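Below: the structure, in structure tokens.
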Amino acid sequence: MAISLSQNDTSTVTPDNASDYGSDIDDETAFSLLSQAELQAPVEPSFLASIEDIPIPVEHESLEQRIHLRLSRLQQSLDSVRESSARIEAIVGARRAQEASVEIEYDEINRGQFSPVRQDESQATQTQQEEVDLKTDTRSPIERWRTKPKKPLSVTDLVSPAWCEQQYEYNLSKYGRIRATKAMKEGSKVHKVLEEQVHTAVPVETVSKEDAFGLRIWNTIEGLRTLREDGLTRELEVWGVLQGEVVIGIIDEISTTCPDEQMEADMLDGGASKGGKKGKKVEQLAPGQQTLTDFLTSSQTNGLLQNDSAFLGTLHPEKPRTYYLKDIKTRQSRTLPGPGAASRPTHMQLMLYHRLLTSLAANEVPADTVFTRYGLDPHTTFSDKFIAEIANLNVPPPTSQNDSEALEPGREDPLTVLLAHNTLTALWTLMISEFQLTFPPTTSPSISPLLTASFRTASAHSATEPAGSIIGTRVFFFDPPIINAYLRSEMAWWKGERATVGVEVEEAYKCARCDFAEGCTWRRGRVEEGLRKARLRREGRGRSEV
DNA sequence: ATTGCTAAAAGG
């Protein structure tokens, strides 16, 4: 008898303790699952309430959002700050009295960079057309979608295929991007509320190309300072280079809060017991844990450690803290995804953030590669207007102003800082030193290998359970071999070194929610294979019965 | 644009 697959019953296919790839369902069942997928009509979730009970500011909704200056919540006495506006602008302006700053609208300078969105062929012909495109277009995905003047690769680009690479390719072919679903829009709102708990966004109206990128770097610097001062930051932008390709990501949350004391204790105990210490041993090592020991031992190699601690002591009286990466995932249902294939994108996402963050803290990211990719001149000085705007708004919190001994380097007033780092190269260097200050190389990794996915409801499920309520948490380890193998495989796809791979039959439930299921060549191939195997089995049975 | 688009990510 075939297992009936409904949207509420995906656990039938991927029970919590199932391995990623192991399956005990037979081919006949798999075939019926694949067939059923296309019968599933999309159900409008009319029962979902709106999340209006979360106060959502709407004024920063549009295209200026990304070039907003990010202020920590401590820096909100803006009115008094703005009073000095004219004065500071005059000071900055005097430096280059003659050189008029060029004002360029943000969307004008960037329009050409964005991937073209193909629109308006009829629904019916589109899928067929795309199939033809996929066959005839011999360019690699990276050539087609992520080559200048289009945007560089993102973490999303690298982890989305972990759900279904074939689906991602169809999306890129058809739209040049992923189209936001209702669920995603709801998720964005929850994220936005969380971010505004930590930062206040102030619009910066017009900037040059270099200014615009400088502001992004400045926001990251600000995010790191917020993290050190408040023990929490959200939406931290990071850059990296992977196999020569620029990769950009936004880390949802970093904080000093340990997600799981027990896992942390087991982890540290595991590391200590290697040095001969007897005692409680972690019996059943999780897949990531063996490599974790390697991670710990490799990072505490030498006597440089002592020097670093002493050096840091002069800046940071308290001992270096451990920071934990977290990603918040909103869900339409109140259930958690299974730990196997359904969680793969999240696992890879957090592990990739860990890698990017670590390489920035180690100053391993070639800044020139990043700037070149964006077509930016790393030595052009920022415009007076830009420097003045940042200087006007970004004032150090009053607490640290009183006591200048306690000021970290570069924590002086923003005008001084920006004048001293008034090109992209210089500001990048400052950013790197902020990364190094925040995540120094110490015995206990300052970037914890404990990674957290925190699941929240996208919308209210009851009066006591409003939108954004926490459903549950999954904590797992950074696992270098896993993420490295994944990235190698994914980059091979992006570079066109291997063909697109869709979901395995065990993951056919994904097809039920996929717009491309009907015309999916991968899926058709799998259905045909299922039929063939079923037929072979039937024939085999027939013979043996004679 | 009846919500479009942009930055990544947003979810399944």
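Order of the sequence lines sets the chain letters (A, B, ...), proteins ahead of strands, with each chain counted from 1. Computed from a predicted model, the values in this text were never measured in an experiment.
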Rounding to a whole Å, what distance do you find between [X]:[atom1] and [N]:[atom2]?
X: A:Leu153; N: B:dA7; atom1: CG; atom2: C1'; value: 15 Å
X: A:Tyr168; N: B:dA8; atom1: OH; atom2: C1'; value: 10 Å
X: A:Lys329; N: B:dG11; atom1: NZ; atom2: P; value: 5 Å
X: A:Arg456; N: B:dG11; atom1: CZ; atom2: C1'; value: 16 Å
X: A:Ile217; N: B:dA7; atom1: CD1; atom2: C1'; value: 15 Å
X: A:Arg474; N: B:dG11; atom1: CZ; atom2: P; value: 15 Å
X: A:Ile471; N: B:dG12; atom1: CD1; atom2: P; value: 9 Å
X: A:Arg179; N: B:dT6; atom1: CZ; atom2: P; value: 10 Å

Under 3.5 Å side-chain donor-acceptor pair for [X] and [Y]:
X: A:Asp211; Y: A:Ser383; result: yes
X: A:Lys329; Y: A:Gln349; result: yes
X: A:Arg456; Y: A:Thr330; result: no
X: A:Ser489; Y: A:Arg498; result: yes

Check: What interatomic distance, in whole Å, is found between P of B:dT3 and the corresponding atom of B:dA8?
Finding: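 26 Å, rounded to whole Å.
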Margin query: In whole Å, measure the gap between the P atoms of B:dA7 and B:dG12 for me.
Written below: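 Each nucleotide's P atom is 23 Å from the other's.
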Checklist line | Worked verdict on A:Tyr168 versus A:Asp157 for side chain to side chain donor-acceptor pair (under 3.5 Å) | finding: CA-CA 9 Å; A:Tyr168 199 61; A:Asp157 288 329; 2.5 Å; yes
Next item on the list: Using heavy atoms to find the nearest nucleotide of DNA chain B for A:Ser154 and A:Cys164 separately, return the residue whose nucleotide is more 5′.
Entry: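 It is A:Ser154 whose nearest nucleotide is closer to the 5' end.
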Hey, is the side chain of [X] poking within less than 4.0 Å of OP1 or OP2 on [N], counting only N and O atoms?
X: A:Tyr353; N: B:dA8; answer: no
X: A:His191; N: B:dA9; answer: no
X: A:Gln349; N: B:dA10; answer: yes
X: A:Arg331; N: B:dG12; answer: yes
X: A:Thr156; N: B:dA9; answer: yes

Looking for any heavy atom pair under 4.0 Å, which part of the strands does [X] touch: base, sugar-phosphate only, or nothing?
X: A:Thr181; value: nothing
X: A:Asp327; value: sugar-phosphate
X: A:Asp252; value: sugar-phosphate
X: A:Phe455; value: nothing

Within the sub-3.5 Å range, which N or O atoms of nucleotides 1-3 of chain B have a protein N or O partner, and how far apart are they?
none

Notebook entry, point to check: Can you list every pair that meets salt bridge (Lys or Arg N to Asp or Glu O under 4.0 Å) and has a residue in residues 239-248 of chain A, with sequence neighbours left out?
Noted result: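 For residues 239-248 of chain A, and leaving out neighbouring residues, there are no salt bridge (Lys or Arg N to Asp or Glu O under 4.0 Å) pairs at all.
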Next item on the list: Would you please name every residue forming a side chain to side chain donor-acceptor pair (under 3.5 Å) with A:Ser333, sequence neighbours left out?
Entry: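 Side chain to side chain donor-acceptor pair (under 3.5 Å) list for A:Ser333, sorted by chain: A:Thr335.
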Item checked: Non-neighbouring partners of A:Asn171 that pass side chain to side chain donor-acceptor pair (under 3.5 Å), sequence neighbours left out ->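 Side chain to side chain donor-acceptor pair (under 3.5 Å) list for A:Asn171, sorted by chain: empty.
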Residue [X], side-chain atoms from C-beta onward, closest of [options]:
X: A:Val155; options: B:dA10, B:dA8, B:dA9; result: B:dA9
X: A:Thr330; options: B:dA9, B:dA8, B:dA10; result: B:dA10
X: A:Arg177; options: B:dG12, B:dT6, B:dA9; result: B:dT6

Notebook entry, point to check: Are the aromatic rings of A:Phe213 and A:Trp239 close, with centres under 6.0 Å apart?
Noted result: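 Between A:Trp239 and A:Phe213, which both carry aromatic rings, the centre distance is below 6.0 Å.
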Margin query: I need the residues from residues 235-250 of chain A with at least one non-hydrogen atom less than 4.0 Å from DNA chain B; give them sorted by number, or say none.
Written below: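 Output list: A:Ile248, A:Gly249, A:Ile250.
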Note to self: Which residue is it: A:Glu195, A:Gln197, A:His191? I am looking for the one with a side chain to side chain donor-acceptor pair (under 3.5 Å) to A:Arg234.
What the structure shows: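 By the side chain to side chain donor-acceptor pair (under 3.5 Å) criterion, A:Arg234 pairs with just one of A:Glu195, A:Gln197, A:His191: A:Gln197.
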Note to self: Please enumerate all residues that pass salt bridge (Lys or Arg N to Asp or Glu O under 4.0 Å) together with A:Asp252, with sequence neighbours excluded.
What the structure shows: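 With sequence neighbours excluded, A:Asp252 shows a salt bridge (Lys or Arg N to Asp or Glu O under 4.0 Å) to no residue whatsoever.
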